[in-house]
Amino acid sequence: MLTPSSKSSRNWKPAIEGILFTLAWLTLTNITIYFIYVRAVEAVKEQIREGLLRNVSAAATMIDGDQHQTFTSKASKNDPGYLSLIKRLERVRKASSDVKYAYTNIIKDGKVYFLANGSPQGDNDKDGRPDEAPQLMDPYPDAGLALRDALRLQKPAVDKEPYTDAWGTFYSAYAPFKDSSGKFVGTLGMDLELVTLKARLVPIGVAAQRAALTSDILAILFGAAVWFFRSRNRVLEVQRGLAIDQMSTVELERSQERCSSAIQLEAMATKIEHQASSIPEQTNSNKNKDYALALIRYARARQGIRSSSGENFDPAMLIKSSLPAHISIQVSSDLPPLVWGDSNELDLIIKSLCYSSSTSTILSSLEEVKLTVINEQLNDISLAVNIRYRDSISSQGSRATLIADRDHPEHVFDENSLQFATCVELVRALGGNLAHEQINENVEVVSLILPFKKSKEI
């Protein structure tokens, strides 16, 4: 019986299962959405880096390296050629979308310097006036890794992530340019404003948020469904358990009732048998005594009382010796020569099925007996005996009713029916089975299955 605490635990269990399912769903889907979002952001960044690198590499080819390397001091800042270079850089910058600054750099004695930078400056120092652009040969002490790699390796380079310096935070790309002899001169740099990156990331973020919201809603719905169906299943399980308990109780009561009625029947039959035995031998008293003895056998079989003796015996030989020679008996080739059990019980069952109790003669309707083996296991074996009758409809119905209706509450049988009913109860007491099959209008088959042990060494 369930205690209040165990009932409370069972009531909470479906809710806990629903919550755990929801949490598991949220964890898996949100992690998946996060990794998809990160991969999409990285793809956008890679696309921006590649586009910026292509743009700066193409622009670097338009710089005159021979002229550029003549500007070696601040005194050249008013040189017409230098001013012309700055104007060209400004045109390149304006032609490139979202490029904030375009400038050139050189490396000298291991230090990075600005050389040309004509881009309009922002107000990074917040003094209300545009900042002054880096001048000719101004040092660039906080040059990023990409710029230093481009100057050192003389190859195009781009920032892997936005880089922050005194002029702001940008994606920067650098491409080398050379003089007419192919000698490396410096690098052209372009700083891309993050507005482009942010604009491209907005749809990705919105899509990720919508996916996460949808996932959350579905998680809650499916979690609620799990809770509902598991709760319903719990109710059905409890109802099923109660029904099984009730059926077991009813079956136990019916079994006790059968046993009680069988005990009373045995007591009554014993009394009749004693009365018949005390009367001098007469035909009627003998019949009463025989019927009482048959009734006692039936009552004991109905109580499940069986013999506990056992021996090795040949079931085929026993059946052949129990029946006349003209009855067809077919024995399966896989039937063992010996089995262990009570041969008297099998003999009694076969005779009950094949003989008339009143005349002790073979039933005229008996046609054939087949003996086979089923359910053979390590130490156990089951014998299947199929008995074929050719009978009237009334006789067939009597046998079929006694096999199908285990309780058959009315204990008023004629001698033949009582004998068959005793056989049915004895088979059940042995743990066997009886089945009835109607072949056609006049032919029926009674199938008998009895468990035995395999032969033992004595």
Side-chain angles (χ1 to χ4, degrees), residues 22-60 89-105 117-126 130-131 133-134 140 142-151 153 155-176 187-222:
T22 301
L23 293 176
W25 179 293
L26 288 174
T27 301
L28 291 175
T29 55
N30 285 335
I31 288 176
T32 302
I33 292 170
Y34 171 75
F35 280 112
I36 292 174
Y37 171 77
V38 170
R39 186 65 190 92
V41 169
E42 184 56 37
V44 169
K45 289 181 179 180
E46 183 65 24
Q47 186 179 24
I48 290 175
R49 288 194 295 263
E50 290 178 356
L52 183 60
L53 195 59
R54 286 194 301 268
N55 193 13
V56 74
S57 297
L89 288 178
E90 183 61 11
R91 287 197 297 270
V92 169
R93 185 191 69 81
K94 290 181 178 180
S96 303
S97 177
D98 296 326
V99 172
K100 180 69 173 178
Y101 302 120
Y103 49 90
T104 61
N105 298 97
N117 187 348
S119 304
Q121 302 296 300
D123 184 15
N124 292 307
D125 57 7
K126 308 300 181 184
D131 299 334
Y140 188 11
D142 55 349
L145 181 61
L147 175 55
R148 293 183 181 277
D149 286 344
L151 291 168
L153 301 175
K155 291 182 178 180
V158 63
D159 290 329
K160 291 185 178 180
E161 294 295 336
Y163 179 72
T164 301
D165 58 13
W167 291 274
T169 302
F170 306 95
Y171 260 123
S172 300
Y174 306 92
T187 60
L188 171 64
M190 287 186 175
D191 293 343
L192 183 70
E193 292 186 295
L194 296 186
V195 62
T196 301
L197 174 62
K198 293 177 180 178
R200 294 191 183 183
L201 294 184
V202 167
I204 298 175
V206 171
Q209 290 175 355
R210 290 177 178 175
L213 178 60
T214 303
S215 172
D216 294 346
I217 294 173
L218 290 176
I220 294 172
L221 291 176
F222 282 116

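Note: hydrogens, waters and symmetry copies are ignored here, and every other heavy atom, side chains too, is used.
- With hydrogens and angles ignored, the 3.5 Å screen pairs a side-chain donor or acceptor of Asn30 with a backbone N or O of Leu26.
- Distance alone, capped at 3.5 Å, is enough to place a donor-acceptor pair between the Asp159 side chain and the Ser172 backbone.
- Although no hydrogens or angles enter the test, the distance criterion places no donor-acceptor pair under 3.5 Å between the side chain of Thr169 and the main chain of Tyr163.
- The closest side-chain heavy-atom distance from Thr187 to Leu147 is below 4.5 Å.
- Of all the heavy atoms in Asn105 and Leu151, the pair that sits closest is O-CD2, 3.9 Å.
- Within the model, atoms CD1 of Ile48 and OH of Tyr171 stand 6.5 Å from one another, a figure rounded to the nearest 0.5 Å.
- Tyr103 and Tyr140 form no side-chain donor-acceptor contact under 3.5 Å, judged by distance and modelled atom types alone.
- At a threshold of 4.5 Å between non-hydrogen side-chain atoms, the residues Ile204 and Leu201 count as touching.
- Heavy-atom minimum distance, Thr22 versus Ala219: OG1-O, 3.3 Å.
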- Message: Applying ring pair (Phe, Tyr, Trp, His ring centres under 6.0 Å) to Tyr101 and Phe170, what does each step give before you reach the verdict?
- Response: CA-CA 10 Å; Tyr101 302 120; Phe170 306 95; 5.6 Å; yes
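- Atom-to-atom distance recorded for Glu193:CD and Lys198:NZ is 10.0 Å, nearest 0.5 angstrom.
- At distances below 3.5 Å, at least one donor-acceptor pair connects side-chain atoms of Ser96 with backbone N or O atoms of Val92.
- Between atom CH2 of residue Trp167 and atom NZ of residue Lys100 there is a gap of 13.5 Å, rounded to the nearest 0.5 Å.
- In this structure a side-chain-to-backbone donor-acceptor pair under 3.5 Å is missing from Asp216 to Leu218.
- Residues Leu188 and Tyr174 are not in side-chain contact: their nearest non-hydrogen atoms beyond the backbone lie 4.5 Å or more apart.
- Of all non-hydrogen atoms in Ala102 and Asn117, the two that sit nearest each other are O-OD1, 3.7 Å.
- With sequence neighbours left out, the salt bridge (Lys or Arg N to Asp or Glu O under 4.0 Å) criterion links Glu90 to Arg93.
- Rounding to the nearest 0.5 Å gives a distance of 11.0 Å between CD of Gln209 and CD1 of Ile33.
- Lys155 contributes atom NZ, which lies 10.5 Å from atom CG of Asp149 (distance to the nearest 0.5 angstrom).
- Between Ser57 and Ala175, the shortest heavy-atom contact is CA-CB, 3.6 Å.
- Taken from CG in Asp191 to CG in Asp98, the straight-line distance is 12.5 Å, to the nearest 0.5 Å.
- Of all heavy-atom pairs between Arg49 and Lys160, the closest is NH1-O, 2.7 Å.
- Counting only distance, with no hydrogens or angles, the side chain of Ser215 and the backbone of Ala211 share no donor-acceptor pair below 3.5 Å.
- Note on Glu46 versus Arg39: no salt bridge recorded, every NZ/NE/NH1/NH2 to OD/OE distance being 4.0 Å or above.
- Minimum heavy-atom separation, Pro176 to Ala60: O-CB, 3.8 Å.
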